[in-house]
Amino acid sequence: MNVLKRCIYGFSLLSLAFLTVQCKGNHKDEKQENTTQKTDSVSIEKKEYGTTPAGQKVAIYTLKNQKGMEVNIMTYGGIITSLKVPNKDGVSEEVVIGFNNLEQYTKDNPYFGALIGRYGNRIAKGKFILDGKEYQLATNNGKNALHGGPEGFHRRVWTAEEAKGGDVATLKLKYVSKDMEEGYPGNLTVFVTYTLNNDNSLDVIYEATTDKKTIVNLTQHSYFNLSGDFTKPILDDEIVIDADKLVPVDADLIPTGKLTDVTNTPFDFRKSKLIGKDIEAKDDQIKKGLGYDHCWVLNNQDMGERFAASAYNAASGRLLEVYTDQPGIQFYSGNFLDGTLPMRNGGTYAHRTGLCLETQHYPDSPNQKDFPSTVLSPGENYKTKTSFKFSVKK
């Protein structure tokens, strides 16, 4: 309908004076009308999910876009409970390990889908020194501290604020970690923002401030199985990691302090390689990790956010690309999954049915003077971003 006809059509409803003004300003108003009527290409929905053993109510948010991607995030642990993306035939399927209900998440499990803090990965003997004072952390990995301790951020209930508009749906989570919680100094205010975009990417932005000098190393611990079939291991997935060096570990998976070249080792993923190709290699580091459970030293650390790693499943065609501004990435091949934890639709999660790509600083950095610092001081802002981008290759 052209502008003149539209003006005539509205004559019976509008005064002549108002009609005249509308017709004179038709080009500007037509543009404004189109903007106003634009439909959001994403949606976000909130539901109650249950109550923790401590009596705290937990909500779950479902973020969807128009490209077949859907992610469920709950306020307990900031956990991604479900993530569905299309395969090469356009069929959206589940690609992360998860449980059916809140109760299962509150029991011991290997951090399925959780936000990790205050410190992702291991700290030797659960101790570190800051400004001459030694701090003793809660230990939960033998004599070491792992992923923030037994009551880390993965077991806390976060507050949530949702928003959507245009091509993005956003869930902003907040948690205030009290001074000396799990042994860490300082009242730490943390924000984690999940953003689902209409290009099938999920951005995760971590922010934190403190009132006392402390250490911070936040990450996300989803287990991916890009085949969409959790009865299948991830050994046929192809991995790329843009890293020339590795952080080797001792028998307790604590860094030795050295950084080693990946050339001519099972840890060279600079070119696409099947996970299963070298995972049983006769290599000291493979033996210690029972497979891959190591931090790679990412290249181009001065570039900020850049490509870090990818995983590709040829059968489904799904490609996951990870971009980050962090110095390292922990690639974990699900070595400790042992068939004891229940799958959503029956059965159990078997050995190596999920892989993790955890962007982070190196393990045990507070005790390694040559590693990039993880210290956060009052007045400073901790902020880092990781993007998980999904697509298909046919």
Side-chain angles (χ1 to χ4, degrees), residues 110-111 116-129 137 139-148 206 215-221 239-271 273 275 278-279 281-304 306-311 322-336 355-375 384 386:
Y111 307 94
I116 301 299
R118 285 189 192 189
Y119 197 94
N121 222 309
R122 294 170 176 84
I123 295 180
K125 300 179 181 178
K127 295 180 180 181
F128 67 95
I129 296 174
L137 306 174
T139 55
N140 59 331
N141 184 239
K143 60 186 176 181
N144 304 312
L146 174 65
H147 291 335
Y206 309 87
I215 58 172
V216 185
N217 185 29
L218 307 180
T219 191
Q220 219 292 331
H221 208 290
I239 297 291
V240 174
I241 302 176
D242 187 21
D244 296 333
K245 294 183 179 180
L246 183 78
V247 181
V249 295
D250 63 19
D252 292 323
L253 301 182
I254 298 296
T256 62
K258 299 178 181 179
L259 303 179
T260 57
D261 196 311
V262 300
T263 303
N264 297 323
T265 76
F267 297 88
D268 191 349
F269 285 94
R270 290 172 294 186
K271 293 182 179 179
K273 182 174 71 172
I275 294 173
D278 294 322
I279 200 167
K282 294 181 179 179
D283 178 272
D284 179 63
Q285 286 297 307
I286 290 286
K287 181 180 179 181
K288 287 173 178 174
L290 302 180
Y292 296 111
D293 190 8
H294 297 76
C295 186
W296 273 252
V297 179
L298 292 173
N299 295 333
N300 304 312
Q301 295 187 9
D302 58 342
M303 289 179 58
R306 75 279 186 205
F307 173 80
S310 66
V322 182
Y323 294 79
T324 190
D325 54 16
Q326 290 292 275
I329 190 166
Q330 185 88 5
F331 167 41
Y332 172 53
S333 52
N335 312 317
F336 296 100
L355 66 91
C356 300
L357 293 168
E358 309 157 53
T359 58
Q360 57 187 245
H361 274 248
Y362 312 152
D364 199 37
S365 289
N367 296 312
Q368 304 285 348
K369 62 182 179 61
D370 294 327
F371 287 5
S373 175
T374 56
V375 173
T384 178
T386 292

Partners passing ring pair (Phe, Tyr, Trp, His ring centres under 6.0 Å) against Phe307 (at least two apart in sequence or in another chain)
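Counting only residues at least two positions away or on another chain, Phe307 forms a ring pair (Phe, Tyr, Trp, His ring centres under 6.0 Å) with Tyr323.
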
Only counting residues at least two apart or in another chain, list the ones meeting ring pair (Phe, Tyr, Trp, His ring centres under 6.0 Å) with His294.
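With sequence neighbours excluded, His294 shows a ring pair (Phe, Tyr, Trp, His ring centres under 6.0 Å) to Phe267, given in chain and number order.
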
Within-4.5 Å side-chain heavy-atom neighbours: Phe371 and Asp364:
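With C-beta onward as the side chain, the pair stays apart.
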
Using side-chain heavy atoms (C-beta onward) and a distance below 4.5 Å, is Ile329 in contact with Thr359?
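Yes - at least one pair of side-chain heavy atoms lies under 4.5 Å apart.
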
Do side-chain atoms of [X] reach the backbone of [Y] as a donor and acceptor pair under 3.5 angstrom?
| X | Y | result |
| --- | --- | --- |
| Arg270 | Val240 | no |
| Gln360 | Gln326 | no |
| Tyr206 | Gln220 | yes |
| Gln301 | Pro327 | yes |
| Asp370 | Gly257 | no |
| Asn217 | Gly120 | yes |
| Asp242 | Asn299 | no |
| Asp283 | Thr265 | no |

List the atom of [X], the atom of [Y], and the distance in Å for their closest heavy-atom pair.
| X | Y | answer |
| --- | --- | --- |
| Pro266 | Tyr292 | O-OH, 2.8 Å |
| Thr263 | Asp268 | CA-OD2, 4.0 Å |
| Arg122 | Asp252 | CD-O, 3.8 Å |
| Leu253 | Gly289 | CD2-CA, 4.0 Å |
| Pro255 | Val247 | CB-CG1, 3.7 Å |
| Ser365 | Thr374 | CB-CG2, 3.8 Å |

Distance from [X] atom [atom1] to [Y] atom [atom2], nearest 0.5 Å?
| X | Y | atom1 | atom2 | result |
| --- | --- | --- | --- | --- |
| Leu259 | Gln368 | CG | CD | 9.0 Å |
| Ile286 | Asp278 | CD1 | CG | 7.5 Å |
| Lys125 | Thr139 | NZ | OG1 | 12.5 Å |
| Leu290 | Ile279 | CG | CD1 | 10.0 Å |
| Lys143 | Lys127 | NZ | NZ | 10.5 Å |
| Ile241 | Cys295 | CD1 | SG | 9.5 Å |

Does the pair Leu137 and Phe128 meet the rule for a side-chain contact (heavy atoms from CB on, under 4.5 Å), with working shown?
CA-CA 8 Å; Leu137 306 174; Phe128 67 95; 3.7 Å; yes

Does [X] have more than 12 heavy atoms from other residues, nucleotides or ligands lying within 6.0 Å of its [atom1]?
| X | atom1 | result |
| --- | --- | --- |
| Lys273 | NZ | yes |
| Lys245 | NZ | no |
| Asn264 | CG | no |

Could I get the full list of side chain to side chain contact (heavy atoms under 4.5 Å, CB included) partners for Pro248, not counting sequence neighbours?
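Scan of Pro248 (side chain to side chain contact (heavy atoms under 4.5 Å, CB included), adjacent residues dropped) gives Thr256, Thr260, Gln285.
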
Might you work through the side-chain contact (heavy atoms from CB on, under 4.5 Å) test for Asn121 and His361, ending with a clear yes or no?
CA-CA 9 Å; Asn121 222 309; His361 274 248; over 6 Å; no

Please work out whether the ring planes of His221 and Tyr111 are parallel, tilted or perpendicular, with thresholds of 30° and 60°.
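Rings of His221 and Tyr111: tilted, 30 to 60°.
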
